[in-house]
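First up is the structure itself, then whatever we jot down about it.
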Amino acid sequence: MGEVAETLQPDVAVVGGGPAGVAAVCRAAEAGASVVLLDEGLAPGGQIHRHLPGGKAPRKARRWLARLRRSGARVVTGAPVFDAERSGEEWLLRALASGRPLHVRARRLVLATGARELFLPFPGWTLPGVVGAGAAQALLRSGADLAGRTAVVAGSGPLLLAAAASLARAGARVAYVAEQAEASSVRRFARVLVASPAKLLEAGLYRLAAAPAPYRPGFWVKAAGGEGRVERVHVTNGRRKLEIACDLLCVGYGLVPNLELPRLVGCGVELSPPRVSVTGRQETSIPGVYAAGEICGIAGAGAAVAEGEIAGLAAAGALPPDEARAGRLLAARDRARAFGDLLAAAFSLRPEVLELATPGTIVCRCEDVPLSRLETAETLREAKLRTRAGMGPCQGRVCGAALSALRGFPPDSVRPPLVPVPLEVLAAEEVPR
Amino acid sequence: MREGVTLRVDGRSVEVPGGITVAAALLRIGVVALRTSVTGEPRGVLCAMGSCFECRVSIDGAPLQRACLTLCRDGMEVTTDGRGG
């Protein structure tokens with residue numbers, strides 16, 4: 001009854017087309033492996049280099065994307081992987097490509113599924129017009145027109161300034177930027193940037209572009225209000241309170257890695273912070289399965305590229321090409337990861353933002369489960385079985401991450417399909433070989 | 001962005017720039033609520049990157065399509081479950 005799946009059989013399958021995945025594909029293909037890249041998005045580049053297909057890629061991404069085009073790898077966009085299983089000496093990945101089943105069989109996998117924003121529930125967070133901090137840029141880069149909007153940007157991390165700058169350049173009025181980290185933490189982080197002129201310049205340019213929006217460390221959003229959409233936001237620093245009229249609230253509390261596929265594959269993960277465990281050569285606990293980028297710990301694009309290169313070379317059996325070159329990549333990775341650790345420390349979440357939800361605040365947005373119904377649950381599994389929280393289309397990507405942040409719950413088990421798929425795709429058969 | 005394309009959104013024909021996502025197009029035509037939650041709340045785009053599924057709409061009859069990851073195509077039928085603006 002199922003559809004017939006197209007089947008690809010490369011040496012190496014890479015899942016995730018952000019900086020890590022693209023670097024892995026290029027290195028593996030250049031080392032002589034046949035490579036397939038599966039990406040859920042519309043064009044490679046991930047979130048940081050998001051652009052429309054046929055549109056202009058961000059300047060920083062162009063060299064790698066050109067290298068990807070020259071690599072000869074088969075790049076399949078719009079293709080989320082919804083299942084993975086071991087099949088003899090190979091891995092079988094099942095993806096959904098334009099509504100049709102796509103199967104990829106490979107002996108080596110590189111997982112580079114990146115990260116998503118952490119959303120913390122607060123009163124009014126479900127109002128239309130409340131989006132993530134990264135979501136503002138994602139919308140702009142996918143063709144939204146936000147000129148004339150009045151925006152408040154809030155949450156945590158350097159992403160807030162980048163979002164404010166993008167909004168201002170797009171003609172929105174940025175009324176306020178509320179950074180929950182204290183001014184002293186932000187200053188300490190800024191001093192570290194001095195050691196990296198490129199990063200300092202970038203930060204300066206963001207600040208300039210986002211001006212005259214007030215940037216206020218130590219402030220967070222307490223609630224959003226409005227009829228049918230966001231119309232005002234209440235911010236506070238615990239002492240002062242302000243109400244700001246706006247029609248767009250961009251709020252994000254940092255990033256969480258997309259560990260669903262690595263966990264489905266069976267890779268060992270660590271919990272604090274959540275990440276795939278990898279060796280110095282980016283190999284996971286499963287031989288032949290490599291991981292790179294944010295799923296190995298949030299550390300930004302620099303670390304992702306270095307790790308992607310290492311993982312791609314390793315997956316193609318070409319590491320080290322020579323010790324000197326491997327050493328350079330490993331050193332670049334370690335430096336980038338150290339920066340990521342500094343970032344996490346500077347922008348760690350204050351307790352107040354973990355206590356914003358009231359009993360009536362919806363926590364699971366897919367099934368409309370409020371906090372009051374989740375009070376007595378002691379695990380995500382219990383929460384799911386009692387209330388359906390985590391059973392909706394997002395499969396706990398939003399509420400699970402929120403509850404883990406609020407309550408310290410470890411993740412629940414992962415089951416396929418990782419995204420909703422039509423029954424005939426689940427039941428797809430392959431043409432016999 | 002390329003030449004305009006015509007979408008039918010909840011039965012109404014609208015022209016939007018070509019080459020953009022359905023989520024971006026809906027925002028351009030003033031549709032902020034893309035769906036209605038199980039308890040009747042209006043909901044719009046949240047993550048804009050395919051994780052949260054809040055932007056789920058029906059595209060050409062296929063349900064649970066993420067508007068933020070779908071490119072507009074001329075003649076596309078978009079059915080939201082929201083109440084428009």
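In this text the structure is predicted, and so the values were computed from the model without any measurement. Note on naming: letters A, B, ... go to the chains in the order of the sequence lines (proteins, then strands), and numbering restarts at 1 for each one.
- Chosen from B:Val38, B:Val45, B:Thr70, the residue pairing most often with chain A at heavy-atom distances under 4.5 Å is B:Val38.
- Of the residues considered (A:Ala135, A:Gly41, A:Pro393), A:Pro393 shows the highest number of contacts with chain B, using heavy-atom pairs under 4.5 Å.
- In terms of heavy-atom pairs under 4.5 angstrom with chain B, the leader among A:Gln395, A:Arg397, A:Arg365 is A:Arg365.
- Contacts between A:Pro80 and chain B at a heavy-atom distance below 4.5 Å involve the side chain alone, from C-beta outward.
- Shortest non-hydrogen contact noted between B:Arg35 and A:Cys366 is NH2-CA, 4.4 Å.
- Nearest approach of B:Phe53 to A:Cys394, heavy atoms of both residues: CD1-CA, 4.0 Å.
- Taking B:Arg56, B:Gln65, B:Met49 one by one and counting their heavy-atom pairs under 4.5 Å with chain A, the maximum is reached by B:Met49.
- Only the side chain of A:Arg149 comes within less than 4.5 Å of a heavy atom in chain B; its backbone stays farther off.
- In this structure, chain B has heavy atoms under 4.5 Å from both the backbone and the side chain of A:Glu40.
- Residue A:Pro128 comes nearest to B:Pro42 through the heavy atom pair CD-O, 3.4 Å, listed as atom of the first residue, atom of the second, then distance.
- Of all the listed residues (A:Val251, A:Val419, A:Leu146), the one sharing the greatest number of non-hydrogen pairs under 4.5 Å with chain B is A:Val419.
- Separation of atoms CG (B:Leu71) and CG (A:Leu42) is listed at 4.5 Å; rounding is to 0.5 Å.
- Interface summary for chain B: among A:Thr126, A:Ile362, A:Val130, the most heavy-atom pairs under 4.5 angstrom belong to A:Thr126.
- The structure places SG of B:Cys47 at 9.5 Å from CG of A:Leu139, a figure rounded to the nearest 0.5 Å.
- Comparing A:Val398, A:Leu140, A:Asp145 by how many heavy-atom pairs each has under 4.5 Å with chain B, the most go to A:Asp145.
- Of the listed residues A:Gly132, A:Ala138, A:Ser142, the one with more heavy-atom pairs under 4.5 angstrom with chain B than any other is A:Ser142.
- The contact between A:Arg50 and chain B is made entirely by side chain atoms (from C-beta outward), counting heavy-atom distances below 4.5 Å.
- No side-chain heavy atom of B:Glu54 sits under 4.5 Å from any side-chain heavy atom of A:Val131.
- With a threshold of 4.5 angstrom between heavy atoms, B:Leu64 approaches chain A through side-chain atoms but not through N, CA, C or O.
- Only the backbone of A:Ala115 comes within contact range of chain B, judged by heavy atoms closer than 4.5 Å.
- When atom types are taken as modelled, the side chain of B:Arg28 and the backbone of A:Gly143 share a donor-acceptor pair closer than 3.5 angstrom.
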